[in-house]
Amino acid sequence: MKLNLESGVFIIYLALVIGIGIYFFVKTKTGGEKDYFLGGRNMGPWVSALSAGASDMSAWVLMGLPASIYAAGIGKSWIAIGLAIGYILSWIILAPRLRKFTIAADDSITIPQYLSNRFLSKNPAIRVICAVIFLVAYTIYAASSMKACGTLFNTVLGIPASTAMYIAAAIIVVYTFLGGFNAVCWTDFFQGLLMLGALLLAPIFALGVINGDMGGFAAASAKADLPEGYWNLITNWKDIASGLGWGLGYFGMPHIIVRYMSIRSNKDVKKSAKIGITWNVLIVLFSVAAGAVGHLLLGDIEDNSTVFIQMAKKLFNPNGTAVFGAVIVGILLSAILAASMSTADSQLLASSSAFASDIYKPIIRKNKAGDKEMLWAGRVVVLIISVVAVVIAANPNSGSIMDLVENAWGLFGAAFGPAILLSLFWKRFNFAGALAGIVAGAVVDIAWLVCLGDFGLYEIIPGFICSAIVAVVVTLITKAPSKEIEELYDKAANLED
């Protein structure tokens with residue numbers, strides 16, 4: 001294990017996030033299900049906005065996307081463009097209505113619970129299917145964060161990657177297990193600031209070094225051994241469509257949109273939107289810059305996923321002896337850990353809330369479980385998913401960080417995006433349409449990945465389209481919603497704080 005000033009800063013950061021979890025455990029230990037899973041719907045605009053962003057931008061934004069840009073060029077930035085567009089639209093279109101509709105629908109605290117309550121249905125089918133998709137997709141998604149933590153701990157502390165994954169998982173479990181939604185949101189808030197600072201600092205300083213030591217950006221580009229067409233934004237239609245398709249995921253990503261539900265007022269939703277959109281656009285822009293500038297600064301490196309790590313070390317502590325530089329490097333590397341943890345904790349909490357609220361309480365315990373029992377049921381799921389995620393991440397055949405994120409992101413967006421949007425904007429939409437759309441989206445997404453993955457088009461696009469078509473068709477050929485359901489829709493649409 002390597003112990004120096006860089007690793008010391010890193011370890012202090014780990015202690016800080018655990019401390020936040022302990023603080024909220026002590027502060028809210030008498031709270032119930034709503035406090036643990038949704039923070040009592042009392043999140044302010046800054047915390048909710050940065051928490052939504054940080055839970056979205058996992059380690060891929062500091063490792064996966066820069067690695068893609070580093071290796072293949074600016075053409076890969078269509079992913080960043082798609083994400084920015086999707087995030088903007090989700091705050092403007094989705095956030096205000098989702099918050100109001102979940103309150104009107106019996107104060108729902110999870111997406112599966114909302115979809116059932118929206119149609120006043122006692123049928124557990126949607127809850128069960130949603131919870132199953134949550135558990136599968138979030139386990140894969142969390143595995144990407146664990147894999148990133150393994151690479152990072154190995155680089156900074158010299159710990160074997162497989163061992164490092166278990167250590168990272170234990171830390172994430174501790175503060176999620178103890179503090180629930182409040183701990184997750186507040187750690188995400190600080191981690192969001194840290195991620196933004198790191199991504200602003202490193203590429204800007206790198207450009208300064210390039211201009212000073214290499215004769216300017218153009219000269220450095222000419223000297224670098226770049227792939228042909230490295231600076232071409234327009235590549236082929238499949239890459240462009242697939243990149244833009246990433247934006248569809250925001251309409252069905254439970255661990256992100258649950259932040260919209262937690263905001264304390266509709267007035268704060270507007271403030272949160274401005275903060276969140278600004279943060280997101282800066283993050284994806286400088287993530288692309290980190291990959292491109294990193295290639296000019298570093299030349300060829302063995303592991304593309306470490307481009308940000310290597311850039312930070314070269315810029316601020318090239319000889320490993322500068323005290324101030326070591327502190328800066330330690331902070332920048334902590335930002336990668338922040339990106340990994342801020343997504344993993346949100347995924348674990350969303351999956352545990354889905355199991356506890358949508359399977360354990362209504363089906364297994366027949367609504368006999370109290371708040372304390374519910375909390376412990378959710379915590380057990382957090383532990384189980386963490387262990388399975390680490391096992392997947394430790395498997396050398398599990399794929400890259402970007403591959404794991406892409407698979408889970410596509411499944412969520414295709415399955416839930418159309419159903420959630422239609423439930424908020426179509427009064428005629430019914431339970432049968434929602435259920436059929438969710439199943440169709442999940443099936444088509446997985447089938448496309450397995451059977452047509454080599455075609456080159458991101459599976460979220462056919463999955464999302466098929467889900468929307470099936471949801472609309474099934475709704476139109478089945479019975480219209482009752483008068484009570486239509487009244488609930490009108491009540492939600494006109495709800496005022």
Side-chain angles (χ1 to χ4, degrees), residues 44-70 73-96 185 188-207 231 233-234 239-253 255-257 259-260 263 268-294 308 332 335-336 338-339 342-343 346 402 405-406 409 413 417 458 460:
W46 278 93
V47 174
S48 55
L50 293 190
S51 175
S55 65
D56 165 25
M57 297 299 178
S58 61
W60 72 267
V61 81
L62 285 161
M63 296 179 72
L65 183 57
S68 297
I69 300 295
Y70 173 95
I74 295 300
K76 289 294 182 181
S77 61
W78 284 106
I79 295 174
I81 296 170
L83 288 169
I85 294 172
Y87 196 67
I88 291 169
L89 292 177
S90 73
W91 270 109
I92 295 174
I93 297 173
L94 193 68
C185 280
D188 285 357
F189 169 72
F190 291 115
Q191 288 171 157
L193 292 175
L194 182 58
M195 290 162 61
L196 179 59
L199 274 173
L200 290 175
L201 186 65
I204 291 173
F205 267 75
L207 281 174
W231 300 110
L233 177 62
I234 306 300
D239 286 343
I240 295 172
S242 296
L244 294 175
W246 277 76
L248 296 173
Y250 282 112
F251 299 109
M253 205 59 53
H255 65 282
I256 298 172
I257 61 180
R259 266 65 181 174
Y260 305 157
I263 301 174
D268 282 340
V269 170
K270 296 179 181 179
K271 294 179 182 178
S272 294
K274 294 176 183 177
I275 297 166
I277 290 170
T278 301
W279 184 92
N280 178 278
V281 171
L282 288 174
I283 283 286
V284 295
L285 174 64
F286 279 88
S287 178
V288 170
V293 174
F308 186 85
L332 293 179
I336 302 177
S342 60
T343 300
S346 302
M402 201 70 172
V405 171
E406 184 175 20
W409 186 272
Y458 188 16
I460 193 174

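None of these values were measured; they are calculated from a predicted model.
A donor-acceptor pair is defined here as one N or O able to donate and one able to accept, closer than 3.5 Å; no such pair exists between the side chain of Ser287 and the backbone of Ile283. The closest donor-acceptor contact from the side chain of Ser90 to the backbone of Tyr87 lies under 3.5 Å.
Scored by the side-chain hydrogen bond (donor to acceptor under 3.5 Å, both in side chains) test, Trp246 finds no partners at all (sequence neighbours excluded). Taking Ser77 as the reference, Ile69, Ile74, Leu233, Val288 meet the side-chain contact (heavy atoms from CB on, under 4.5 Å) condition, with sequence neighbours excluded. Residues satisfying the side-chain contact (heavy atoms from CB on, under 4.5 Å) criterion with Lys270, sequence neighbours excluded, are absent altogether. Listed by chain and number, the residues in a ring pair (Phe, Tyr, Trp, His ring centres under 6.0 Å) with Tyr70 are His295 (sequence neighbours excluded).
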Please test Trp78 against Ser242 for side chain to side chain contact (heavy atoms under 4.5 Å, CB included), starting from the C-alpha separation and ending with a verdict. CA-CA 8 Å; Trp78 284 106; Ser242 296; over 6 Å; no
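Ring geometry, Tyr250 versus Trp409: the interplanar angle exceeds 60°, so the pair is classed perpendicular (tilted spans 30 to 60°).
Atom CD1 of Ile79 is separated from atom CD of Glu406 by 7.0 Å, given to the nearest 0.5 angstrom. From Leu83, atom CG reaches atom CD1 of Ile88 across 11.0 Å, with rounding to the nearest 0.5 Å. Atom CG of residue Leu332 and atom CG of residue Leu62 lie 9.5 Å apart, to the nearest 0.5 angstrom. Rounding to the nearest 0.5 Å gives a distance of 11.5 Å between CZ of Phe308 and CZ of Phe286.
A pairwise comparison of heavy atoms in Ile460 and Gly413 identifies CD1-CA, 4.0 Å as the closest pair. Between Trp91 and Pro96, the shortest heavy-atom distance links the atoms O-CD, 3.4 Å. The shortest heavy-atom contact between Asn280 and Ala84 is OD1-CA, 3.5 Å. Between Leu65 and Lys76, the shortest heavy-atom distance links the atoms CD1-O, 4.2 Å.
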Run the side-chain donor-acceptor check on residues 199-207: report pairs under 3.5 Å with partners two or more places apart or on a different chain.
none

